[in-house]
Amino acid sequence: MHYISTRNAQHRVLLGEAIAQGIAPDGGLFVPESFPHFVPHQFDGETDLAEIGARLIAPFAAGDPLAEELPEICRAAFDFPAPLVPLPEAPAPACVLELFHGPTSAFKDFGARFLAECLARIRRGATKKLTVLVATSGDTGGAVAAAFHNRPWVDVAVLYPKGLVSQRQAQQLACWGGNVRTFAVHGTFDDCQRMVKEAFRDPALNEAFQLSSANSINVGRLLPQMVYYAKAGLEMWRRNGRRANFIIPAGNLGNALACIWARHVGLPIGEIALATNANQTITDFLRSGEWQPRASTPTLASAMDVGNPSNMERLRALHPEFDELQAQIGASSVDDIEIRATIRRDSHELGQVWCPHTATAAKVFRRLLARGARGEWVIVSTAHPAKFNDVVEPLIGRTVEIPASLAKLLALPRHEQELEPSLAALRSQLLA
Ligand SMILES: *Cc1c(COP(=O)(O)O)cnc(C)c1O
């Protein structure tokens, strides 16, 4: 299978090259030139993420050396579960798809671990070490650091906005050491992202390092995210022969796009509803047809504070006609007042504690029911609430139990350096 840029179909590459390049040379995003097609019976007898993943991703790797190694890549990447947990007290049939059982307690672990396994194989025999630069608003940096930590072929530099992530997220970004350097930048996420972009264009840094990014537009992070939707969709289908509907918290739209792709290739998935926070670029677009990116607004669901969701470019490439695109997904925005109220209410009424991101999906679930929605619903939970205890605990009036993987990271010493928000500051640190 070849990947082409969303902006120019002439540039065609295989999977390994699309992963290594990250972004297409014309600034577009890599998308499959054509999609494979599956029927659910092809997955008969397969129940775990690694098996389903190897079968599902195989056609996406066709023709590339990675294809042969997919079973091994999937076993290494998907070594923690993504359970579908019933929500018995819910006002209508519903389950929670828990994507927070990885090393850093958010769904970003799936993409980061798969990407690291692929790059380890792509870089085999390379003479120069890879230097991965990541700007993070909270969860990506920790997942990437965890996935690449202690791998001898790579160094990682993580940039995050000091004071603008939760205490526990900051700890997860800074607890690594070794081949991971963490920079607490005196600026915003946009400053971090700008510094990384400038670093990629900087002659001195390109001379000294083989630079790479691990950001969420890499197809090596999207493909593995299809796998948990495949598994959840198949599980519900096998149980009752029905297609479950999914409600997905959305920021840059990578997680939701993976679900849309999984349905597009034939997996049993019904409706897909996006939940956004007060950043309304997607909801406004689906209403009006006008694409108007804007600056992001800070909210309690900070990992979704995106004003220009880049994966929309991939969705528009899949459905160039607006009417057709509009028919594929619904979207609804949830503000901070509603996030707080949902965390409080569902803790009492459902006995369920949400992180602020997942709370947007839980709120949209209630809205859909109020509008008469039927069927089986899956609320996609993108992070463990213990990661956002500073927001959640005052609302529910008790402490949230810390998962063992998170407790382990919280006990580690911190290694980080503060950095002024300029390319010059980053350059001198990296070259020092
Ligand atoms: C990254 C993230 C999101 C948003 O996912 P996108 O793929 O950017 O839409 C939602 N919730 C959490 C906890 C995240 O870390």
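Whatever order the structure lists them in is the order used to number ligands and atoms, beginning at 1. Bear in mind the structure is a predicted one, so any value in this text is a computation, not a measurement.
Screening residues 100-122 for ring-ring contact (aromatic ring centres under 6.0 Å, His included) gives F80-F110, F100-H384, F110-Y228 as the qualifying pairs, with residues at least two apart or on separate chains.
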Problem - Full working for salt bridge (charged side-chain N to carboxylate O under 4.0 Å, His left out) between R366 and E349 - result: CA-CA 12 Å; R366 290 192 185 265; E349 293 185 9; 3.5 Å; yes

Show me, pair by pair, the donor-acceptor contacts under 3.5 angstrom made by side chains of residues 263-271, not counting sequence neighbours?
| from | atom 1 | to | atom 2 | distance (Å) |
| --- | --- | --- | --- | --- |
| R263 | NH1 | G270 | O | 2.7 |
| R263 | NH2 | Q328 | O | 2.8 |
| R263 | NH2 | Q328 | OE1 | 3.2 |

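Applying the side chain to side chain donor-acceptor pair (under 3.5 Å) rule to H186 yields the partners E418, E420; only residues at least two apart in sequence or on another chain are considered.
Side chains of E416 and Y160: a donor on one and an acceptor on the other come within 3.5 Å.
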For ligand 1, what N or O to protein N or O distances fall under 3.5 Å?
| from | atom 1 | to | atom 2 | distance (Å) |
| --- | --- | --- | --- | --- |
| ligand 1 | 7 (O) | G254 | N | 3.0 |
| ligand 1 | 7 (O) | N255 | N | 2.9 |
| ligand 1 | 8 (O) | N252 | N | 2.8 |
| ligand 1 | 9 (O) | G251 | N | 2.7 |
| ligand 1 | 9 (O) | N252 | N | 3.2 |
| ligand 1 | 9 (O) | L253 | N | 2.8 |
| ligand 1 | 11 (N) | T382 | OG1 | 2.8 |
| ligand 1 | 15 (O) | K108 | NZ | 2.6 |
| ligand 1 | 15 (O) | D139 | OD2 | 2.6 |

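Between F365 and W377, the ring planes lie tilted relative to each other; the angle falls in the 30° to 60° range.
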